[in-house]
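Below is one structure; the comments refer to it alone.
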Amino acid sequence: LYLAHFEVLLGDDEAATKRRRALIYALDQPGFSIFLGSEQPWYPVGVWSNIHFIDVELPLPDFAQRLQLWKQALQKHGQQELKDEDVSMLANQFVLSGRQIDEAVREASVQVMLRAPEQGKLAREDLSRTARAQSNQNLRQLAQKVEMFYTWKDIVLPPRALQQLHEVCASIEYRHI
């Protein structure tokens with residue numbers, strides 16, 4: 001029996017702890033092998049008394065494997081028109097698992113289908129955006145809000161450079177418009 005995404009039960013909140021305990025109790029019963037797939041390590045110290053737990057780490061694919069995974073995912077989702085150099089760039093830039101690569105291609109393909117036909121076909125930029133989203137999945141959990149202690153008056157730049165910096169910040173702030 002293979003149970004994928006066990007990491008969803010590794011949270012510290014009460015609900016995750018309850019679900020994890022219930023699953024551990026249920027897994028203590030069967031007389032067959034059970035594999036827990038997780039993207040986060042977990043070491044069940046003192047959890048099971050009569051079950052052998054073996055931790056096996058599966059490394060992320062190397063460049064050649066990622067290149068092949070990108071090509072397979074593009075073919076699977078009907079997106080073979082991307083240039084080989086673009087696929088190589090993606091495989092080199094993003095160190096993703098096979099599932100993450102497939103999700104990035106799937107998401108980019110859906111986004112292309114939703115936009116107007118004159119806006120073009122799937123491009124490297126589309127895949128870069130969705131691959132970046134896959135690689136940053138857990139970043140928000142680790143992020144901490146930083147209170148700013150500085151103001152625009154603290155920045156020492158020539159007037160033209162300061163104006164350009166204001167323009168860049170404004171374009172980011174109002175990008176949704």
Side-chain angles (χ1 to χ4, degrees), residues 1-28 30 32-48 51-115 119-145 172 175:
L1 176 63
Y2 176 74
L3 301 174
H5 302 291
F6 186 72
E7 68 271 7
V8 299
L9 299 178
L10 298 179
D12 291 332
D13 60 286
E14 186 177 337
T17 302
K18 280 183 179 179
R19 288 191 300 264
R20 184 173 58 246
R21 286 183 182 152
L23 182 62
I24 287 169
Y25 176 76
L27 295 180
D28 203 18
F32 50 85
S33 296
I34 300 170
F35 299 89
L36 301 176
S38 176
E39 293 188 13
Q40 295 176 359
W42 180 60
Y43 305 100
V45 178
V47 173
W48 290 298
I51 292 180
H52 300 287
F53 182 85
I54 301 170
D55 179 37
V56 178
E57 184 175 341
L58 302 175
L60 289 170
D62 62 19
F63 172 77
Q65 293 167 326
R66 289 193 309 274
L67 183 61
Q68 187 63 33
L69 288 167
W70 276 103
K71 288 178 180 179
Q72 289 171 350
L74 287 164
Q75 183 175 7
K76 174 183 170 183
H77 294 283
Q79 302 292 345
Q80 297 93 323
E81 67 272 358
L82 204 65
K83 297 177 190 172
D84 283 343
E85 64 238 22
D86 289 338
V87 179
S88 295
M89 188 280 309
L90 291 164
N92 187 48
Q93 185 176 0
F94 298 101
V95 182
L96 302 173
S97 68
R99 180 190 57 79
Q100 289 174 312
I101 291 170
D102 188 67
E103 282 294 313
V105 174
R106 185 191 61 74
E107 181 64 29
S109 299
V110 169
Q111 290 174 6
V112 167
M113 286 190 303
L114 294 176
R115 67 184 179 207
Q119 290 181 329
K121 297 180 179 182
L122 183 72
R124 183 183 75 204
E125 293 76 23
D126 299 315
L127 291 165
S128 291
R129 186 172 45 260
T130 56
R132 192 170 296 107
Q134 287 294 320
S135 66
N136 292 336
Q137 285 181 344
N138 295 324
L139 205 53
R140 285 193 176 105
Q141 295 173 355
L142 301 173
Q144 294 179 6
K145 184 173 179 168
I172 292 170
R175 68 178 172 254

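All values below come from the heavy atoms of this structure, side chains included, with hydrogens, waters and symmetry mates left out.
Residues passing the salt bridge (charged side-chain N to carboxylate O under 4.0 Å, His left out) test with Glu85: none are found, sequence neighbours excluded. Under the side-chain hydrogen bond (donor to acceptor under 3.5 Å, both in side chains) criterion, Arg106 pairs with Glu103, not counting sequence neighbours. Every residue was checked against the side-chain hydrogen bond (donor to acceptor under 3.5 Å, both in side chains) condition with Gln65, not counting sequence neighbours, and none meets it. Among residues two or more places apart in sequence or in another chain, the side chain to side chain contact (heavy atoms under 4.5 Å, CB included) test is passed with Phe6 by Leu9, Leu10, Arg20, Leu23, Leu36, Ser38, Trp42. Applying the side chain to side chain contact (heavy atoms under 4.5 Å, CB included) test to Leu60 and every residue at least two apart in sequence or in another chain returns Val95, Ser97. By the side chain to side chain contact (heavy atoms under 4.5 Å, CB included) test, Ala22 pairs with no residue at all, sequence neighbours left out. With sequence neighbours excluded, no residue satisfies side-chain hydrogen bond (donor to acceptor under 3.5 Å, both in side chains) with Arg19. For Ala4, the side chain to side chain contact (heavy atoms under 4.5 Å, CB included) partners are Tyr2, not counting sequence neighbours.
Side-chain N or O atoms of Arg132 include none that pairs as donor or acceptor with a backbone N or O of Phe94 at under 3.5 Å.
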inquiry  = If you apply the rule side-chain contact (heavy atoms from CB on, under 4.5 Å), what do you find for Arg124 with Gln93, and how did you get there?
reply    = CA-CA 12 Å; Arg124 183 183 75 204; Gln93 185 176 0; over 6 Å; no
inquiry  = Test side-chain contact (heavy atoms from CB on, under 4.5 Å) on Leu127 and Asp86; report intermediate values, then the result.
reply    = CA-CA 10 Å; Leu127 291 165; Asp86 289 338; over 6 Å; no
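Here the side chains of Gln134 and Arg99 are in contact, with some heavy-atom distance below 4.5 Å.
The list of side chain to side chain donor-acceptor pair (under 3.5 Å) pairs with a residue in residues 66-77, not counting sequence neighbours, reads Lys76-Asp102, His77-Asp102.
Looking at Glu14 and Lys18, a side-chain N of the basic residue comes within less than 4.0 Å of a carboxylate O on the acidic one, giving a salt bridge.
Sparse packing is recorded around CZ of Arg21, with 12 or fewer heavy atoms of other residues, nucleotides or ligands lying under 6.0 Å away.
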